[in-house]
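I have placed the structure first, in the form of structure tokens, so that the comments after it can refer back to it.
All ligand and atom numbering here is 1-based and tracks the order in the structure.
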Amino acid sequence: MSDKQVRVRFAPSPTGFLHIGGARTALFNWLYARNRNGVFVLRIEDTDRSRSTEDYIEAIIDGMEWLGLDWDEGPVRQTDRMDIYTSAIKRLIEEDRAYYCYCSPEELDRKRKEAQQAKKNPRYDGTCRDIKEPVSGIDPVVRFRMPQGGATIVEDLIRGNVSYDNDMFDDFIIARSDGTPTYNFVVVMDDVDMGMTHIIRGDDHLNNTPKQIHIYEALGYTVPKFAHLPMILGSDKSRLSKRHGATSVQAYREMGYLPEALLNYLVRLGWSYGDQEVFSREELIEKFSFDNVGKAAAVFNPDKLLWINAEYMKARDPDVLVDEVMPFLLESGIVSDGWKPDREWLAMAISTLQERSKTLVELAGSLRYYIADSVEYEEKARAKFLTEESLHYLVELKKGIESLKDLDHEVLEELFASIMERNDIKLKKLAQPVRVAMTGDTKSPGIFDLLGIMGKDRVISRLENAINSIKGAGK
Ligand code: GLU
């Protein structure tokens, strides 16, 4: 008989943007589903109504789409499913697996403090465990009756067997006094109802798992398999947070990272395959398994992410980059809305820059000199290269270029060679001033590529500006 079809889910709470850690959880679920020809479900855990917002739901969905983590079912929203939870809670009460608790928050708070002072575990003391009659005038919470004594073992595909003493846990609340169910209960109901075979999530949820296992059992459901992913830490080994810099997928998108690069980096936070660093999507799907997920926390390294991004920038089809860089050109004001580039030309310009641009933001920044009407000179570059000495070469070059029809590589090379020979100078003496004239700075792609893509008219006008600038400075 074949195995049951794998069904997994990503279940974000929409109380913030899609975090790097959340995206990694989504990715591992997605990879496992795709590797096993399974089903990947997106479930929005929005029962915490005070903190969940529509904007965050949209941002999470956007982030997933941008990363290419497509889901097969959903997005399912918990708030659409309240009836299911209420009837299961009723059933647990009827079967005495759960009970009403009438203790007031103040009373519980007092007891908790007392326990803390006495250095005891501040767990619920079971006051209402055996109350049979309702107490009038109080809206009770519902508590789940946890077994007393013994241990619960979480069988985890990454952690192995993790054992918990049941006495660590108290009878936890599964419904608040306003009737809304709590996370540990809802998550079980949803996972059962949606037929989840594997629960893949961050290991901050590992300690919740024993409680959830008992709910599965109380309701007579099969416990799924668990895989708790190692934590992601910042460089100082504390849990990754805003203090460590950008932590949302959206922030990396805005900084000009490519989705494939981010995905490739995320997978390495916990998973490895020998010492291979760069993987295609297909390769990841084929190679992914829990055997290669480590237990140890992973350290988020922004420099490595940048390195991977640069690798993807280099390998990208320039024609694809044309579309990808557009929002960044707009954003930085290099072009305005409605700008319609000659795609082929822009792709050529990009192909000269992608090797040296680590992000789309850098690429857009460099494209400025190809696109803008004029450039501003970086002061040091101007002072060093737009000098009386170079004036002469620039004038000669301008004349030469005026006489050319097209600026192709060979013709430019000949023109440069003749100027160098006449003046007995090396390429650098000529090329650097030309670079500054064209780009405002001293770094650029190969000089002939640069001029070829700029085109005759623009090259002439920039040489003219540089010549005038030298003459102006000399007065
Ligand atoms: N909504 C939970 C979270 O965002 C996920 C819980 C789970 O995967 O079981 O942390």
Assess the side chains of Q148 and R129: does a donor N or O sit below 3.5 Å from an acceptor N or O?
-> yes
Do the side-chain N and O atoms of Q78 and D190 include a donor-acceptor pair separated by under 3.5 angstrom?
->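 Looking only at side-chain atoms, D190 and Q78 do form a donor-acceptor pair, the distance falling under 3.5 Å.
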Polar pairs, ligand 1 vs protein, N/O only, below 3.5 Å.
unit_1: ligand 1; atom_1: 1 (N); unit_2: A11; atom_2: O; d: 2.8
unit_1: ligand 1; atom_1: 1 (N); unit_2: S13; atom_2: OG; d: 2.9
unit_1: ligand 1; atom_1: 1 (N); unit_2: E45; atom_2: OE1; d: 2.6
unit_1: ligand 1; atom_1: 4 (O); unit_2: S13; atom_2: N; d: 3.4
unit_1: ligand 1; atom_1: 4 (O); unit_2: S13; atom_2: OG; d: 3.3
unit_1: ligand 1; atom_1: 8 (O); unit_2: R9; atom_2: NH1; d: 2.7
unit_1: ligand 1; atom_1: 8 (O); unit_2: R9; atom_2: NH2; d: 3.4
unit_1: ligand 1; atom_1: 9 (O); unit_2: R9; atom_2: NH2; d: 2.9
unit_1: ligand 1; atom_1: 9 (O); unit_2: Y183; atom_2: OH; d: 2.8
unit_1: ligand 1; atom_1: 9 (O); unit_2: R201; atom_2: NH1; d: 2.7
unit_1: ligand 1; atom_1: 10 (O); unit_2: H205; atom_2: NE2; d: 2.8

Scan I308, L360, I350, T359 and name whichever one has a side-chain contact (heavy atoms from CB on, under 4.5 Å) with M313.
->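 It is L360, the one option of I308, L360, I350, T359 that forms the side-chain contact (heavy atoms from CB on, under 4.5 Å) with M313.
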What side-chain donor-acceptor pairs closer than 3.5 Å can you find for residues 216-228, not counting sequence neighbours?
unit_1: H228; atom_1: ND1; unit_2: D156; atom_2: OD2; d: 2.7
unit_1: H228; atom_1: NE2; unit_2: R201; atom_2: NE; d: 3.0
unit_1: H228; atom_1: NE2; unit_2: T209; atom_2: OG1; d: 3.2

W271 and F279 aromatic centres sub-6.0 Å |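 Yes; F279 has its ring centre under 6.0 Å from that of W271.
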Does the pair E106/R110 count as a salt bridge with the N-to-O cut at 4.0 Å?
->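 Not counted as a salt bridge, because no side-chain N and carboxylate O are separated by less than 4.0 Å.
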